[in-house]
**Student:** 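Pasting a structure below so you can have a look.
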Amino acid sequence: MAFGNGSGGDADGLRYLPISEHGLIGDLRTAALVGTNGTIDWYCCPRFDAPSVFAAILDADRGGSWELAAEVPARTRQFYFPDTNVLITRFYAADGVAEIQDFMPVVDESREAARHRLIRRVICVRGTLPFRAKVAPRFGYGAEAHTVHAQAHEAVFACPSISLALTSTAPLETDGTDVWSHFKLLEGESVVFALDEIGDGVRPRACPRAEAQEQFEATVRFWSSWLSRSRYRGRWREMVNRSALTLKLLTYVPTGAIVAAPTTSLPERVGGERNWDYRYVWVRDAAFCVYAMLRLGFTSEAEAFMGFLSARCFAPGAHPAGPLQIMYGIDGRSDLPEVELSHLEGYLGSAPVRVGNAATGQLQLDIYGALIDSVYLYDKWGRPISSDHWDEVGVVVDWLCDNWDQPDEGVWETRGGRKDFVYSRLMCWVAIERAIRMANRRGLPADLPRWQQSRDAIYRQIMREGWSAERGAFVQGLGHDVLDASVLMMPMAKFIAPTDPKWLSTLDALTTELVSDSLVYRYDPGASPDGLRGSEGTFSICSFWYVEALTRAGRLEEARLAFEKMLTYANHVGLYAEEIGRSGEQLGNFPQAFTHLSLISAAFNLDRALG
C-alpha cells in the first residue's frame with residue numbers, strides 16, 4: 001500500500017516544498033530529508049546536532065542542497081522499500097521511468113562511526129531518461145566558506161570544520177563552489193553518487209555500482225531484520241511499523257539517546273516565531289519512546305536509553321532546579337545555548353532560525369513522571385532494574401516529595417512565567433505512585449510512609465483545585481478554568497477511572513472546545529497567554545491521546561473514526577510533523593518522535609479494545 005502521491009512540482013517555482021513532501025533516511029547517528037522532487041534539503045554531518053551541510057528547507061538561497069532530478073518534465077512518487085528506511089523516489093516521464101534509491105548504510109551499532117556515507121543510486125527502469133545533479137553544500141548553517149577540489153569522478157568539499165568527498169560513476173564538473181553532473185540513462189543503466197565524511201589524510205573512497213548494490217542489500221537487511229522483532233500484529237500494522245522505523249531512525253546509537261526530531265526551526269505557524277531546535281533528548285519524549293518500544297518488543301532500545309539516563313542525567317548536582325534537566329544533548333551534555341541565525345530567512349520566511357534551546361533552564365516537573373513510569377515499565381516488561389538504578393529512583397522520588405507543589409513552566413514549555421499546572425501535578429503523582437509499586441512488588445527499600453503521604457496529597461490537590469465545577473472539567477491550572485489537552489493523560493496514567501463521571505464530563509468539554517474533526521489543540525493561547533505571539537496548529541500527539549481517551553471510555557466507534565481520520569493526515573510515506581494546520585498541512589519539526597510514539601500507543605490500545 002502507498003500512503004499517497006508526491007507532488008513532483010517545480011521546486012524552483014515553489015522555492016520551498018511543503019514540509020510533508022519529504023521522506024527521511026538515516027544511519028542512527030544523523031539523518032537527511034529527501035524531497036519528493038529528489039532534492040536533499042536538510043542534512044547535518046556527522047550527527048543530528050552538528051551544523052548543517054544542506055539546509056535549503058530553512059533558506060532556499062543560502063542553505064545549500066543536493067538536487068537530483070530528471071531533466072525533462074516528470075511526475076514523481078516516493079515510497080519506502082517495504083519494511084525499511086531505504087527511500088525510493090520515482091520519476092515518470094514521456095520516454096521512460098527512473099528511480100532514485102536514497103539510503104545511509106548502518107555501521108556497527110556498538111561504536112561511533114568514524115565515517116558517514118550517504119548513497120544516491122539512480123536507475124532507469126523503463127525507456128530512457130536524462131538526469132541532472134547539483135551538489136551545493138553550505139557548511140555551518142550556510143555561514144562557513146568552503147573550497148572544492150574536483151577530478152573527473154571525484155570532488156572534495158573542505159572547510160575548517162569538516163571535509164566531505166563526493167564520488168560518482170558519472171562525470172563531475174565544478175565552478176569552485178558547487179559540483180554538477182548531467183547524464184542520460186537507458187533502461188537497466190544506473191549512476192551511483194556517494195557522499196562521505198573524510199578526515200585528515202583519508203582518501204575519498206569510490207562507490208562503484210557493485211559496492212552500491214552490496215550496501216543497498218545490507219541496509220535493506222538491517223532494517224528488515226530489526227523490524228521483524230516487532231510483536232505488533234494488529235489492524236494498523238503498516239502505520240505502526242512505519243512509526244517504529246521512524247523512532248529507530250531518531251536514535252543516536254553511540255549513547256542510546258533519542259532525539260525529539262531531526263530538524264530545527266520548522267515553524268508551528270508559517271510566518272510565526274514558534275520555531276525551535278528539536279535535535280536534542282527531551283527526557284519526557286524519550287521516556288514515552290521507551291514505553292512504545294517496550295510495547296512492540298524492542299527491549300534493547302529501552303535498555304540503551306536507560307543507560308543514557310543513568311550515565312548522564314543522574315549525576316550528583318547535575319542541575320540546580322532538580323536531579324534532571326528537561327533535555328540534554330545527544331552526548332549527554334547539559335549546556336545547549338540558544339542562538340538565532342539571522343542570516344537564514346527561515347522556512348517560507350518564518351524567522352527566527354534557532355539552534356540550541358533555552359528551555360534547558362526551565363523547571364518542568366512532569367518529566368519525573370514520564371521518567372519513573374518508563375523505569376517502572378522497563379522493570380516490568382524488560383528486565384529488573386539494578387540496585388544502583390533503584391537508588392537513583394529513590395533520589396528522584398525523595399526530591400519530588402519536597403518539591404512537587406512548585407509552580408513550573410509546564411509540559412508545553414510556555415515562556416510566560418511559571419504556573420501551577422495540573423499536568424505537572426499529575427505526573428508527579430505518577431512518579432511517586434510507580435515508585436511505590438516497584439518497591440512493593442520487589443520488596444525494595446523505600447520511605448513508603450513519606451512517599452504515600454505525598455502521593456495522596458497530590459491526588460487531593462488535583463481533585464480539589466484542578467477540577468472546575470463551573471466548566472465541569474479538569475483544567476490547565478489549579479484554581480483556573482482554562483482547558484488543556486494534556487489532561488487527556490489522566491486515565492492513561494491510571495489517575496482516574498476512564499468512566500468516572502468527572503472524567504467523562506472533562507472528555508465532553510475537551511471535545512466541544514479543543515477538538516476539530518478529530519484534531520486537538522493543546523490549549524487556547526488567547527485564554528492562557530504563553531509568552532509567545534501568534535497561534536499554532538493542532539497538536540498531533542494530543543489527537544492520538546484523544547483517540548486513546550475515547551477508547552478507554554468505551555466509545556470505540558468514535559475512537560476508531562478519530563484514529564482513521566488522523567491516519568489521513570500522515571504524509572505520503574506515513575510520517576508526521578508536530579502539528580497539523582488549518583488546511584491539513586504539516587507544521588513544526590519533522591518527523592516528530594512524540595507523534596509517532598503516541599500513534600503506536602493509540603493503535604495498540606484501540607486494537608485490544610476492538611478485540
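Keep in mind that the numbers below use all heavy atoms, side chains included, and drop hydrogens, waters and symmetry copies. Position 1 is the first residue of the sequence; numbering continues from there.
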**Student:** Looking at Lys565, I want to see if its NZ is surrounded by more than 12 non-hydrogen atoms of other residues, nucleotides or ligands under 6.0 Å.
**Tutor:** yes
**Student:** What do you reckon, is CZ of Arg582 surrounded by more than 12 foreign heavy atoms closer than 6.0 Å?
**Tutor:** no
**Student:** Looking at OG of Ser243 and CG of Leu575, how far apart are the two atoms once the value is rounded to the nearest 0.5 Å?
**Tutor:** 8.5 Å
**Student:** Consider only side-chain N and O atoms of Ser583 and Glu585, and report whether a donor and an acceptor are under 3.5 Å apart.
**Tutor:**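 On atom types as modelled, these side chains qualify, holding a pair under 3.5 Å.
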**Student:** Going by heavy atoms in the side chains, are Thr538 and Glu579 under 4.5 Å from each other?
**Tutor:**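 Side-chain contact under 4.5 Å: no.
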**Student:** Can a cation-pi geometry be assigned to Arg242 and Tyr80, taking NZ or CZ under 6.0 Å from the six-membered ring centre and within 45° of the ring axis?
**Tutor:**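 Ring-cation test returns yes.
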**Student:** Find out whether Asp277 and Glu338 are in side-chain contact, i.e. whether some heavy atom of one side chain is under 4.5 Å from a heavy atom of the other.
**Tutor:**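 No, too far: nothing below the 4.5 Å cut-off.
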**Student:** Would you compute the distance between atom CZ of Phe193 and atom CD1 of Ile119 and round it to the nearest 0.5 angstrom?
**Tutor:**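 So the CZ of Phe193 and the CD1 of Ile119 are separated by 13.0 Å.
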**Student:** Side chains of Thr263 and Asn589: any donor to acceptor distance under 3.5 Å?
**Tutor:** yes
**Student:** Please confirm whether Arg120 makes a cation-pi placement over Trp66, using NZ or CZ under 6.0 Å from the six-membered ring centre and within 45° of the ring normal.
**Tutor:**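 The answer is yes; both the distance and angle limits are met.
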**Student:** To the nearest 0.5 Å, what is the distance between CZ (Phe48) and CG (Asp331)?
**Tutor:**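 These two atoms lie 13.0 Å from each other.
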**Student:** Can you confirm whether Ile258 sits close enough to Asp285 that some side-chain heavy atom of one is under 4.5 Å from a side-chain heavy atom of the other?
**Tutor:** no
**Student:** Taking Ser230 for its side chain and Leu227 for its backbone only, find out whether a donor-acceptor pair lies under 3.5 Å.
**Tutor:**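 Side chain of Ser230 to backbone of Leu227: no pair is present.
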**Student:** Check for me whether the distance between the ring centres of Phe131 and Phe91 falls short of 6.0 Å.
**Tutor:** yes
**Student:** For the aromatic rings, using the six-membered ring if either is Trp, is the centroid distance between Phe216 and Phe103 under 6.0 Å?
**Tutor:**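 Yes, close enough.
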**Student:** Establish, from distance only, whether the side-chain atoms of Glu578 and Tyr278 form a donor-acceptor pair under 3.5 Å.
**Tutor:** yes
**Student:** Less than 4.5 Å apart, side chain to side chain, heavy atoms only: is that true for Leu599 and Met239?
**Tutor:**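 Of all side-chain heavy-atom pairs linking Met239 with Leu599, at least one is under 4.5 Å.
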**Student:** Within the structure provided, determine whether Val135 and Phe54 are in side-chain contact (heavy-atom separation under 4.5 Å).
**Tutor:**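 Yes, their side chains come closer than 4.5 Å.
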**Student:** Counting C-beta onward and ignoring hydrogens, is there a side-chain heavy-atom pair between Met104 and Thr30 closer than 4.5 Å?
**Tutor:**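 Yes; the side chains approach each other to less than 4.5 Å.
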**Student:** Is there a side-chain contact between Ser163 and Glu197 (heavy atoms, below 4.5 Å)?
**Tutor:**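 A side-chain contact is absent here, since even the closest heavy-atom pair is not under 4.5 Å.
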**Student:** For Arg209, does the CZ atom have more than 12 heavy-atom neighbours from other residues, nucleotides or ligands under 6.0 Å away?
**Tutor:** yes
**Student:** If I take atom CZ from residue Phe539 and atom CG from residue Leu587, how far apart are they, to the nearest 0.5 angstrom?
**Tutor:**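 Reported to 0.5 Å precision, the distance equals 11.0 Å.
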**Student:** Just by distance, with hydrogens left out, do Gln78 and Thr36 show a side-chain donor and acceptor under 3.5 Å apart?
**Tutor:**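 Checked: Gln78/Thr36 side chains show no N/O donor-acceptor pair below 3.5 Å.
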**Student:** Can we call the ring centroids of Phe604 and Tyr291 under 6.0 Å apart?
**Tutor:** no
**Student:** Any chance the rings of Tyr16 and Tyr347 have centres within less than 6.0 Å?
**Tutor:**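 Yes, ring centres under 6.0 Å apart.
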**Student:** Quick one: pull up CD1 in Ile100 and CD1 in Ile123 and give me the separation to the nearest 0.5 Å.
**Tutor:**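 Here the interatomic distance stands at 11.0 Å.
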**Student:** Checking side-chain polar atoms at under 3.5 Å, does Glu301 have a donor or acceptor matched by the opposite partner on Thr251?
**Tutor:**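 Per modelled atom types, Glu301 and Thr251 side chains form no pair under 3.5 Å.
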**Student:** Can you see whether His343 engages Asp59 through a side-chain donor-acceptor pair at a distance of less than 3.5 angstrom?
**Tutor:**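 No donor-acceptor contact under 3.5 Å links the two side chains.
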**Student:** Do Arg77 and Thr89 meet the criterion of a side-chain donor-acceptor pair at a distance under 3.5 Å?
**Tutor:**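 Their side chains do not contain a donor-acceptor pair, so the 3.5 Å distance test is not met.
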**Student:** Heavy-atom count around Asp517 CG within 6.0 Å, excluding the residue itself: above 12?
**Tutor:** yes
**Student:** Would you say Arg231 and Leu296 make side-chain contact, with heavy atoms under 4.5 Å?
**Tutor:**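 No; the side chains remain at least 4.5 Å from each other.
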**Student:** Side-chain donor-acceptor pair under 3.5 Å between Asp196 and His116, yes or no?
**Tutor:**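 No, no side-chain donor-acceptor contact under 3.5 Å.
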**Student:** CG/Leu28 to CZ/Arg47 distance, rounded to the nearest 0.5 angstrom?
**Tutor:**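 So the CG of Leu28 and the CZ of Arg47 are separated by 14.5 Å.
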**Student:** In terms of side-chain heavy atoms, does Gln101 have a donor or acceptor partner in Glu99 at a distance below 3.5 Å?
**Tutor:**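 Indeed, the side chains of Gln101 and Glu99 share at least one donor-acceptor pair under 3.5 Å.
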